Structures are given as C-alpha cells and as structure tokens.
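To keep things clear, I will list the structure first and then write my remarks on it.
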Amino acid sequence: MADKRVYGKWMPETMERALKEYREGKIRLNKIEVKYKIPKKTFLRHYRGEVGRGFSRNCNLSINGRDTALPSAAEKELEGVILEFESALMGLTRNEVRRLAFQILESNPHLKNPFNKDKQMAGTKWYYSFMKRHPHLSLRQSEKVSIARVQGFNRKNVGNFFDSLEKIVDDNKLTPWRIFNIDESGFSTVQKNSSKIIGQKRKDRIGQFARGENMTVVCCCSASGQFIPPMIIFQRMRNCIDLKTGAPDGSIVEVSESGNINSDLFIKWL
DNA sequence: TGCACGGCCACAACCTACGT
DNA sequence: ACGTAGGTTGTGGCCGTGCA
C-alpha cells in the first residue's frame, strides 16, 4: 500500500512557538501534535537537538533533505554576481558559475564544502539544482558585442559624430563623390559557436565581448557608390601568393601578427 | 490508562561519481 | 545532458516499552 504521509507540513515559526511552550511546561507532547500539526517524533528530535541544522533551513524551497551546499544568502549573492556580470557583457558560463560556487565555499571556512576538490568546482547536478532554485536565471546563447560598440555606440557619441560630419561637409563644400567611408571588419577563420552564458530569463538579447578575431577586411566606398578594392589582412608572419587566390581584382592581401590592421598597413592601404 | 520515549523503516531532497 | 547508484540528513508513521 502506498504511503500517504505528508512531509514538512509544519512551519519553522510553529516549531519555535511549540518549543517555547514545551520548555515552559505550558503544553504536553500529545497536544503539540494536535495544536501545531508537528509530529511528536519530529518535535522531539528538534527539542533534543538531534537535528543538526535546527529548524531554520538555509533553503526555504523544500522541507526535507539536506541543506544546499551554499546557504540561501550565498546563493542570492551568487545570483546577483551572475546578473551583474551579464549586464556588464561578461556573462558567466556554466562552468564559471560552478567554479564560483566552489570558491565561495573555499573562502568561507566555516561552511562545509562538499564539492569536488580535484575539479575545484561544484558538480553538474548542483548546477541544475541551483538553476531550478533560481527560475529567473537561464542558460542563453550570447551575441558577440565589440568593446568599441559597447563604449562608443551611445546617443551622445553618435550625435557628436554627425555634428562633426555636418560641419566638415559644410566647411569644405564636399560633394558625394569626394566622401568616402572606410571601415575594417574582423572575422574568425574557424567557425565556432560562442559559449552559452547564464543570464536573466525573458531578456531579449544577452551580449558578450568578442574575443580573438584573426582576419581583417578593410572596405571603402564613396557616398556616390564608388568602391575601392578591399585590403585583406591574415593573421600570420609571412605573406604568400596563395592567400590572394579568389580575392576581388585589385585587392591588397597583407599579413600581420595579430590579424588586425596596424599603422604601417593603413599607410600602405592609403 | 495516558503519556513520554525510542527503534525501525520508508520516504524525500540534496549531493556525489560514473557511464552513456 | 541526462540516467543511475549511492551517500547524507531530515521527516513522519507505527509500534513496543516503561512509568506514574
């Protein structure tokens, strides 16, 4: 026959009141079961201090079972850190969160650290339980956002740019065929998905700084639609004629250590 | 007889390691 | 990413024992 018992039907507050009354001799054990809905057995364990953590649980999501490795306050703090990193476009990956949980316990010697000492991080099961306890966090695919875009693309800077552009165009009486726009764009030569990071649920997009581009293309065209052949910069020490295979006519193919444009290459492009 | 107490056992939730 | 086995810690019902 199936067990119909219900666990954890009592509240910490009622346990506290029952303990107080019982200590003062105001209530009998059997009455506690009726008045406070606390099973005798459970009450006595708490009364005698047989329950290690007492009746104030670290995690209030459940009654049974052992405590979460991180006390609820530490979990809340960790959640705050995750959201803070995410909003600063440095979203933490799953493993980074697991490492962080380990480090929190390591830096608090009074807390028991049940996590794997060799791996120096919390287990995967801990991670999934943590995410379950914090339903407004979710693992999301990040979008790469460059530092320049983060720092420069704001209302003030964009406004200043167009004010300056307008002044230069007016002062020099520039016509469309004399206005050229040059820009460089970085590419990765190895297609690899960006790692997933943890962020706030239901947020439209979550960004992450772009790292490690290793090929650059410098493009230029005029306001009247006239195109200049591109400069393609590969990340390598020596140039090779094969790198030019299939490139548009008139293209310049160069190499640099970082794969980015530098002052020498820019002069060369001019 | 009512009450306090304790042993036993199944259950529950939180973890781990390991395998697929 | 998920399933499984196993450890840890706490819960709760049942039942037997001892005592006033």
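The structure displayed is predicted, hence computed values, not measured ones. First the proteins, then the strands, lettered A, B, ... as listed; each starts at 1.
Crowding of A:F180 atom CZ: a count of heavy atoms from other residues, nucleotides or ligands under 6.0 Å exceeding 12.
Taking atom CG on A:L44 and atom C1' on C:dG12, their separation rounds to 12 Å, with Å as the unit. One interatomic measurement links the two molecules: NZ of A:K40 to P of C:dG16, which rounds to 14 Å at whole-angstrom precision. Taking atom OH on A:Y22 and atom P on B:dC3, their separation rounds to 12 Å, with Å as the unit. C:dG12 atom P lies 17 Å from atom OH of A:Y36, rounded to whole Å. Distance, A:K31 NZ to B:dA4 P: 11 Å, rounded to whole Å. Between A:L29 atom CG and B:dC5 atom P the separation is 7 Å, expressed in whole Å. Taking atom CD1 on A:I27 and atom C1' on B:dA4, their separation rounds to 15 Å, with Å as the unit. Following rounding to the nearest Å, A:R45 (CZ) and B:dC9 (P) show an atom-to-atom distance of 14 Å.
In this model, no side-chain donor or acceptor of A:K41 finds a partner on the base of C:dG10 within 3.5 Å. For B:dG2, the base has no donor-acceptor partner in the side chain of A:R28 [N/O atoms by modelled type, under 3.5 angstrom].
The residue A:F43 sits apart from the nucleic acid: no heavy atom pair falls under 4.0 Å.
Shown here are the salt bridge (Lys or Arg N to Asp or Glu O under 4.0 Å) partners of A:D171, two or more places apart in sequence or in another chain: A:K167. With sequence neighbours excluded, the residues that form a salt bridge (Lys or Arg N to Asp or Glu O under 4.0 Å) with A:K35 are A:E21.
The structure places CD1 of A:I32 at 7.0 Å from CD1 of A:I38, a figure rounded to the nearest 0.5 Å.
For C:dG12, one of the phosphate oxygens OP1 or OP2 lies less than 4.0 angstrom from a side-chain nitrogen or oxygen of A:T42. At least one side-chain nitrogen or oxygen of A:H46 sits closer than 4.0 Å to the OP1 or OP2 atom of C:dT11.
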